[in-house]
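Everything below concerns the one structure shown next.
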Amino acid sequence: MKKIYFCCVMLCILFCWGCEKPNELPPREEAFNDMNFTLPALPRLTDAERDIIAAQKQAYEEAIGVQDVSISN
Amino acid sequence: MKVLKLYMMVLIVGICCSCDEYLEVKNYGQVLPETDEDYATLINNQLSAIDKGTAGAANMLGSFAWMIELECYSDNLNASLMTSNALSYIYVGTNVNSAQYRFMNYYSLIKDYNIIIDNLKGRDTEFGKKILATAYTMRGVMYFNLMRECCEAYEKDRATEIMGVPNVEHFDIEAKPERGNIQELVDFIVRDLKTAIQMNQTDEQYRFTVDVARAYLARTYFWAQDWKNAIKIAKEVLDKYPLVEGDEYKEMIQSPQGKLGNMLFRTFITGSLTAYNRNLKNVKTRPVNMSLINLFSEKEQDIRYTTFFDSKFFSTKGIRVCVRAAEMCLILAESYAHLSDTDNALTYLNLLRSKRIADYVPYTIATLPAVNESDVIKTDATGAKLTPLIAAILNERRKEMFMEGDRWFELKRNGSPEFWVGYNFVKYTTEKYLYTFPLRKADLIANENLVQNPGYENL
C-alpha cells in the first residue's frame, strides 16, 4: 500500500514538473488594451510662423502666376 | 489492493493513450510545407503580392500608397499649402500608430524566409538554389528596411551603442530575442546578401536576382558609411545597368507598371490601376515645395522639370518603388566625396546631370553652387557641415529620386533635422525621434527583452 502511495506522489510530482513554471502566465488581456501612442499636444502657430507660411504662399502664387490659392492657415 | 493496482494501471494507460496525438502539429486547414515546392509557395505568395503592389510583402517593400506617405513626411510636398486633406499625412506623427505595425509585419515575412532557409531539403538542386537565394535576398532586404525604419540613423562613432533589431534567423515561436546593436545588424544584412550573391540567382521570375542583392548590398554599405565597399558594389551594378536618358528615361519614370529602362526591381508590375490613379489624383492637393522646384536651375532644359510637375507645380511623376541605376550613380558620387576623392565625385555627379540636362555645363569645384543655408539638411551623414560638393550631390539626389520615397530617409541619414509645417493653425514639428518608427507596443509586452526606441518610452 505504501508503495502505491509513493508511486502516486511521484506521479503528482512528475505532473507538476511537466507544467513547467505554472506561475509564468502570459500577459493579461487588459495589458493589450491601450496599444496607441499619444504624442504630446501640438501648439498653435505663432504670428511669426503664420507670416512664414504666408511668404511661402506668396512665392508659390508668384511662381505659378495665380493669386489667392486657397489654403487652411 | 489488487483493485487499486488495476485502477492505477488503467489510469496510467489512459493518460498515455490520451497523450497519443496531443503533441502532433495540426494544420487547421492550412498546408504545412513538406516538399520543396511547398516551401517555394511561401516565397511565391510574397512575390505575387509584390507584383500586385498593394498588400503583404509589397506594403513592406513599398506600395505606391506607402511611397506617397513617405513623400508627405518629407519636405518634398508642402503640407502648409495643402488645398484639401485628401492626403491626411500632415507629418510623420499623424500616422505613428499604424507605423508601429511595420515592425510586426516585417517579422511576419522574415518568419517565412527563416522556415525556408532552415528546412529546404533540395539545397543543391537548381530549383532549391533559386528558392534559397531568393529567401536570403528577401531576408536581407527586409532587415535593411527594418534598419532604416526602426533603428536610429547609423553613426560610425556610436555603431555599437545604437540599437539594432533582433537578428532572428531561425523560426522559434517561443523565443524572446533581444535587440543587438546596429553594427551587428549591418553585418547580418551583409552576410545574408553576400550569401545570396554567391548563389548567383539570375532567374527574373523570382524578382530578387543577384543584381538586386548587389544593389541592396550597396545601399547597406552606403547607409553604414562603408564608403569603399559601397563604391565597389555600386560600380558593379552601374556598369551592368548604365543610365538611360531622353524618351527612354521618360518612359521608365512615367510607366505606372512594368520594369523598364535600367530598373533592377520594382513593385506593382501588374494589377488594377484604380487605386493607383486615385493616389495620383490625391497628390495634386499638395504642391511641390518651392525649395525643390528652385533646385532645377536649368528649368526646361532639365527633362525632370518638364516631366515631374504640371504648371501649378503639382507632381505628375509616376509613383513607384524601385531600385534603379541612378541611385547607384549617386551612391558613387557621395561615397567618393566622403573619401575626399573630388574628381571621381564630380565625375559621377556630372554623369547623372549629363543624362538629364540638355546642353548641360559640367560642375567643377569652382562652379559648384554655394550651400543654401535655408535648406532643411544642415549636416551630412557623418555630422560634418555641408560642403558645396556634398550639398550638390544631395540636391541632385532629391531631384532624381522625387516621389520614390527616398527623401524621407535622406533627411534621416543626414542629421535627422527637425522641421515644421503648419496646417489649420496648428504647428506640426518633425522631431528627431520621429524619424525612427516605434516598436509595436504589443510586442514589447509579449517580449520583455525588447526595448522601445528613444522618445516613445512614455507615450
Side-chain angles (χ1 to χ4, degrees), chain A residues 1-16 18-21 24-73, chain B residues 1 4-5 7-8 11-12 15 78-85 90-94 96-101 286-291 293-294 309-314 420-429 431 433-434 437-438 440-448 452 455-456 458-459:
Chain A
M1 191 65 183
K2 271 184 184 171
K3 270 186 183 174
I4 298 218
Y5 281 132
F6 178 73
C7 286
C8 285
V9 169
M10 290 305 286
L11 204 62
C12 285
I13 290 171
L14 271 173
F15 273 124
C16 290
C19 287
E20 199 187 357
K21 301 176 187 171
E24 268 194 20
L25 295 169
R28 293 172 67 86
E29 201 179 322
E30 298 88 81
F32 292 94
N33 281 348
D34 180 22
M35 290 292 102
N36 283 342
F37 292 92
T38 309
L39 296 182
L42 297 164
R44 277 176 64 82
L45 289 167
T46 63
D47 288 347
E49 287 158 352
R50 288 178 65 188
D51 287 345
I52 291 170
I53 294 172
Q56 285 179 9
K57 180 172 175 275
Q58 193 184 349
Y60 173 61
E61 286 174 341
E62 282 172 9
I64 63 172
V66 176
Q67 294 293 304
D68 290 328
V69 171
S70 169
I71 61 166
S72 177
N73 269 309
Chain B
M1 186 65 182
L4 199 58
K5 274 185 181 172
Y7 281 145
M8 286 295 293
L11 191 69
I12 290 167
I15 289 168
N78 194 331
S80 299
L81 302 185
M82 281 193 329
T83 54
S84 86
N85 63 351
I90 298 169
Y91 82 129
V92 66
T94 317
V96 74
N97 282 317
S98 62
Q100 66 171 318
Y101 288 92
R286 195 181 291 204
V288 178
N289 217 319
M290 292 308 290
S291 66
I293 300 287
N294 293 336
F309 322 112
D310 63 14
S311 59
K312 290 186 178 176
F313 294 128
F314 288 115
W420 63 270
V421 296
Y423 182 68
N424 229 357
F425 307 102
V426 176
K427 184 181 180 183
Y428 297 84
T429 304
E431 293 180 51
Y433 78 93
L434 289 171
F437 296 152
R440 193 175 71 124
K441 274 191 175 180
D443 289 329
L444 291 162
I445 294 168
N447 177 4
E448 63 274 14
Q452 184 56 280
Y456 295 98
N458 301 314
L459 298 181

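All values reported here derive from a predicted model rather than from experimental measurement. Proteins get letters first, then strands, A, B, ... in listed order; numbering begins at 1 in each.
Ile53(A) contributes atom CD1, which lies 4.5 Å from atom CH2 of Trp420(B) (distance to the nearest 0.5 angstrom). Expressed to the nearest 0.5 Å, how far CG of Asn97(B) lies from CG of Leu39(A) amounts to 7.5 Å.
Residue contact with chain A, scored on non-hydrogen atoms closer than 4.5 Å, involves the side chain of Asn78(B) exclusively. If you measure heavy-atom distances from Tyr433(B) to chain A, the contacts under 4.5 Å come from the side chain alone. For Glu431(B), no part sits under 4.5 Å from any heavy atom of chain A, backbone or side chain. Heavy atoms closer than 4.5 Å to chain A are found in the side chain of Tyr91(B), but not in its backbone.
Scanning both residues, Leu459(B) and Pro40(A), for their nearest heavy atoms gives CD2-CD, 4.1 Å. Considering all non-hydrogen atoms of both residues, Ala63(A) and Met290(B) come closest at CB-CE, 3.3 Å. Shortest non-hydrogen contact noted between Leu81(B) and Gln56(A) is CD1-O, 4.0 Å.
Listed for the Lys427(B) side chain is no donor-acceptor partner under 3.5 Å among the backbone atoms of Leu42(A). Looking at Gln100(B), its side chain does come within 3.5 Å of a backbone N or O of Met35(A) through a donor-acceptor pair.
At a threshold of 4.5 Å between non-hydrogen side-chain atoms, the residues Ile293(B) and Tyr60(A) do not count as touching.
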